[in-house]
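Numbers restart at 1 for each chain; the letters A, B, ... are given by sequence-line order, proteins then strands.
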4 protein chains.
Amino acid sequence: MRTKNDEKQEALFKATVKLVNKIGFASSSVAKIAKEAGVSPATIYVYHKNKEELLVSVYIAIKREMSKAILQNFNSELPLRDIWKNLWLNAFEYVSKNLENYKYAEQFSNSPYSFLVDHEELEKYFTPIHDLIQNGIEQKIIKNVDINFISAFAFYPITRLANPNLCHGFELKKEDVETAFTMAWDAIKL
Amino acid sequence: MRTKNDEKQEALFKATVKLVNKIGFASSSVAKIAKEAGVSPATIYVYHKNKEELLVSVYIAIKREMSKAILQNFNSELPLRDIWKNLWLNAFEYVSKNLENYKYAEQFSNSPYSFLVDHEELEKYFTPIHDLIQNGIEQKIIKNVDINFISAFAFYPITRLANPNLCHGFELKKEDVETAFTMAWDAIKL
Amino acid sequence: MRTKNDEKQEALFKATVKLVNKIGFASSSVAKIAKEAGVSPATIYVYHKNKEELLVSVYIAIKREMSKAILQNFNSELPLRDIWKNLWLNAFEYVSKNLENYKYAEQFSNSPYSFLVDHEELEKYFTPIHDLIQNGIEQKIIKNVDINFISAFAFYPITRLANPNLCHGFELKKEDVETAFTMAWDAIKL
Amino acid sequence: MRTKNDEKQEALFKATVKLVNKIGFASSSVAKIAKEAGVSPATIYVYHKNKEELLVSVYIAIKREMSKAILQNFNSELPLRDIWKNLWLNAFEYVSKNLENYKYAEQFSNSPYSFLVDHEELEKYFTPIHDLIQNGIEQKIIKNVDINFISAFAFYPITRLANPNLCHGFELKKEDVETAFTMAWDAIKL
DNA sequence: GATGAATGAGTGTTCATTCAT
DNA sequence: CATGAATGAACACTCATTCAT
């Protein structure tokens, strides 16, 4: 597994996401992914140990990209609510503009492949957010609850709203982000 | 002439849920489901047109069961917040006690099979909840937002919290339901 | 295998011929034949030992019907050529009006099922024709060749002409029978 | 990268013909053909899109081979009857020496697969014969009838005579070809 | 007599992966 | 590095037939 041609690696990632979104995990065979990426099935095994490892690495790449997008312009000197709102706007923008990536991650999380990922390692990308929450709790601005509760109420709803598979007869629009943010903030603020 | 056997139908449903939870949608083959249910693969086709129809009908059955559980003891004469809390406790209890079912539904929703379901038809099971929300909005108790926002903030977080796949290093406990309810109510109340 | 209801037997025969012509031997399953005939698959086994025996008995029935049609109005007192022409007109009429039956027989003959039939027994239906040919040879009206040559040149062409599968871009019409008869007679006459 | 192997392609063709002759179209499964050819069932799909395409391409290959054999040494300067006789001898020889191929073609023609073939395209292989017939008609040597009549009376009887499935208790011998040719010529000549 | 449920064995086809080039 | 050929194992599904009713 030597890596020389980054274009092929990238093409494989994009093909994987596109295909899984179009036809689902079950039907996304190595042959189809290869065809979509414009390479031979055998080439996949140059870049990845096997199919599983390809799917996992695509997931991790998306998670990393997502964390970067959310944490960009993170300015710890602003008031906590403003920092929080910036995170939100970033999260919203990423999910809106990269719905395919987000949907791949969602399908992946809800599949047994999820067990193959070192989640503690992944969570490190989001450490600044954890720290911020901890900070907010200590400052008595945010409710003193397990961090999973904060995530569940603050972030999960927006991703849910953005997913057409789950949210039928409704499409999330730009102006809705303010509404969503208010609800999320009401949920977690003390 | 032999007659169709409800036990077999039931065994098939349970086997499907169990297997999909254990090895995922992608790997749950007809042969494996049949083996898990203790019948011949061919027998599945006596009860279902094809694999697709089996998976869909399991999903619908779970959704129906879920709606019944949530709406039991629905008493429209109580104050709105109390009705709401009862729904919550029911939802919490169902998800806690039938985590397998819920996780199956979640995987299903996040798969392309989801497109095969008539979601409008399914939503009818939850009509009383929709009416209750409408009522709350008119009484200025609940925020005047699209119903999908209410669902996203009021119900989905609890299911997320209950799902170990998504909520790592944390297990939802009975005492957490009060916390969760407070956060959900804060999110949606005016 | 008791036979009580002749209607069902008849329905099975017609369904078999119809289906084999429509989708071929390979795809004509017992279940489909049963459905086409409006009976249960199991019912077929009341009337026939197995699928093979059903197909064979349909073939034999057609052959018998065909021989009756060809030999009707057989008048051995006419001049030989006139007897022969009557046989021809009958054969032509049968093939034209029962193309489905004829095509079934043709497919059957060209399949290994053919080996299951006692052909000597079948040929007995056509004994008068054999005798006629023998007669013609002795009278020095017909060429002195093996009877298979006579059949091949006298009868096979007309069935070939009637079969759209074999005769593309051409449809046998009523007026063609005179032409065909002349050619056949030229082939066999001394 | 391995390269496609003509021997395998050839083995597949031979196995297909052999098997279809032995057990018939209906029973000739992909697995059995593969076994007969000494390859994996999956390998068939490297060389052919599907079973259908395999069967069709075998048919076309046989037809092409047959046309080449019949038209070899075609000398348009000889008298028409002599050209015709040469065609006959060639046809007779091909059918005699390649009875398996011929029988495959016959079974194929009498099956619904036949509809998948572009018969006009196929007929091009036999254009010289069509021209010869046209010529004969214009020279008032051959009866002025549709070309299908000529084929039906001139060529099909010999193939029928060569087919043991259709011609019971009789085997076509070398010396019979003169007899057959005379009958065929009598049928079509003016 | 007639049936639909039930099934082991088989269908055509695709799978993830390896191999020779 | 990169490839298409090659495949055993698995896929969803249908088969001819039997069995309990």
Side-chain angles (χ1 to χ4, degrees), chain A residues 1-5 8-9 26-35 37-55, chain B residues 1-5 8-9 26-34 38-55, chain C residues 1-5 8-9 26-35 37-55, chain D residues 1-5 8-9 26-34 38-55:
Chain A
M1 187 193 134
R2 278 165 287 178
T3 309
K4 197 170 188 187
N5 190 337
K8 265 178 190 152
Q9 181 71 286
S27 308
S28 295
S29 68
V30 170
K32 287 178 191 161
I33 292 170
K35 198 176 180 185
V39 300
S40 159
T43 304
I44 288 182
Y45 292 85
V46 175
Y47 291 85
H48 298 279
K49 206 186 110 207
N50 54 29
K51 187 190 179 184
E52 201 167 282
E53 199 264 343
L54 166 64
L55 296 176
Chain B
M1 190 197 82
R2 301 187 208 169
T3 49
K4 251 182 206 162
N5 190 342
K8 258 172 200 160
Q9 180 71 286
S27 309
S28 294
S29 70
V30 170
K32 288 177 192 160
I33 292 171
V39 301
S40 160
T43 303
I44 287 183
Y45 294 86
V46 173
Y47 291 83
H48 298 279
K49 206 186 113 209
N50 52 31
K51 187 191 179 183
E52 201 167 284
E53 199 263 342
L54 167 63
L55 297 177
Chain C
M1 185 192 135
R2 279 166 286 180
T3 310
K4 198 170 189 186
N5 190 338
K8 268 179 189 150
Q9 181 71 287
S27 308
S28 295
S29 68
V30 170
K32 287 177 191 162
I33 293 171
K35 198 175 179 185
V39 301
S40 159
T43 303
I44 287 182
Y45 292 84
V46 175
Y47 291 84
H48 299 279
K49 205 186 115 209
N50 53 30
K51 188 191 178 184
E52 202 166 282
E53 198 265 342
L54 166 64
L55 297 176
Chain D
M1 191 197 83
R2 299 188 210 169
T3 47
K4 249 181 205 163
N5 189 340
K8 256 172 201 160
Q9 180 71 284
S27 309
S28 293
S29 70
V30 170
K32 288 176 192 159
I33 292 171
V39 300
S40 159
T43 302
I44 287 183
Y45 292 86
V46 173
Y47 292 83
H48 298 278
K49 208 187 112 210
N50 52 32
K51 186 191 180 184
E52 202 167 283
E53 198 264 342
L54 166 65
L55 297 177

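Residue Asn50(C) comes nearest to Tyr45(C) through the heavy atom pair CA-CE2, 3.8 Å, listed as atom of the first residue, atom of the second, then distance. Taking each heavy atom of Ser28(C) and Ile33(C) in turn, the nearest pair found is O-CD1, 4.1 Å. Taking both residues in full, the closest heavy atoms of Tyr47(B) and Glu53(B) are given as O-OE1, 4.4 Å, listed atom of the first, atom of the second, then distance. Between Ala31(B) and Pro41(B), the shortest heavy-atom contact is CA-CG, 4.3 Å. His48(A) approaches Leu54(A) most closely through the heavy-atom pair NE2-CD1, 3.5 Å.
Phosphate proximity of dA2(F) to Lys8(A): present, with a side-chain N or O under 4.0 Å from OP1 or OP2. Within the structure, a side-chain polar atom (N or O) of Tyr47(D) is placed less than 4.0 Å from OP1 or OP2 of dA6(F).
When rounded to the nearest whole Å, the span between CD1 of Ile33(A) and P of dC15(E) equals 10 Å. Atom-to-atom, CZ of Arg2(D) to P of dA20(E) comes out at 6 Å; the value is rounded to the nearest Å. Here dG4(E) presents its P atom at 18 Å from CG of Asn5(B), a figure rounded to the nearest Å. If you take NE2 of His48(A) and C1' of dA2(F), they are 15 Å apart, rounded to a whole angstrom. Here dA2(F) presents its P atom at 21 Å from NZ of Lys35(A), a figure rounded to the nearest Å.
Two residues, Thr3(B) and Ile44(D), neighbour DNA chain F, and the one matched to the more 5' nucleotide by heavy-atom proximity is Ile44(D).
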Item to check | Which nucleotides of DNA chain F pair, in dot-bracket form (Watson-Crick or G-U under 3.5 Å, | meaning another strand) | outcome: .||||||||||||||||||||
Checklist entry - Taking protein heavy atoms under 4.0 Å as touching, what does nucleotides 8-13 of chain F look like 5' to 3' if B marks base contact, S marks sugar-phosphate-only contact and - marks none? => result B--SSB
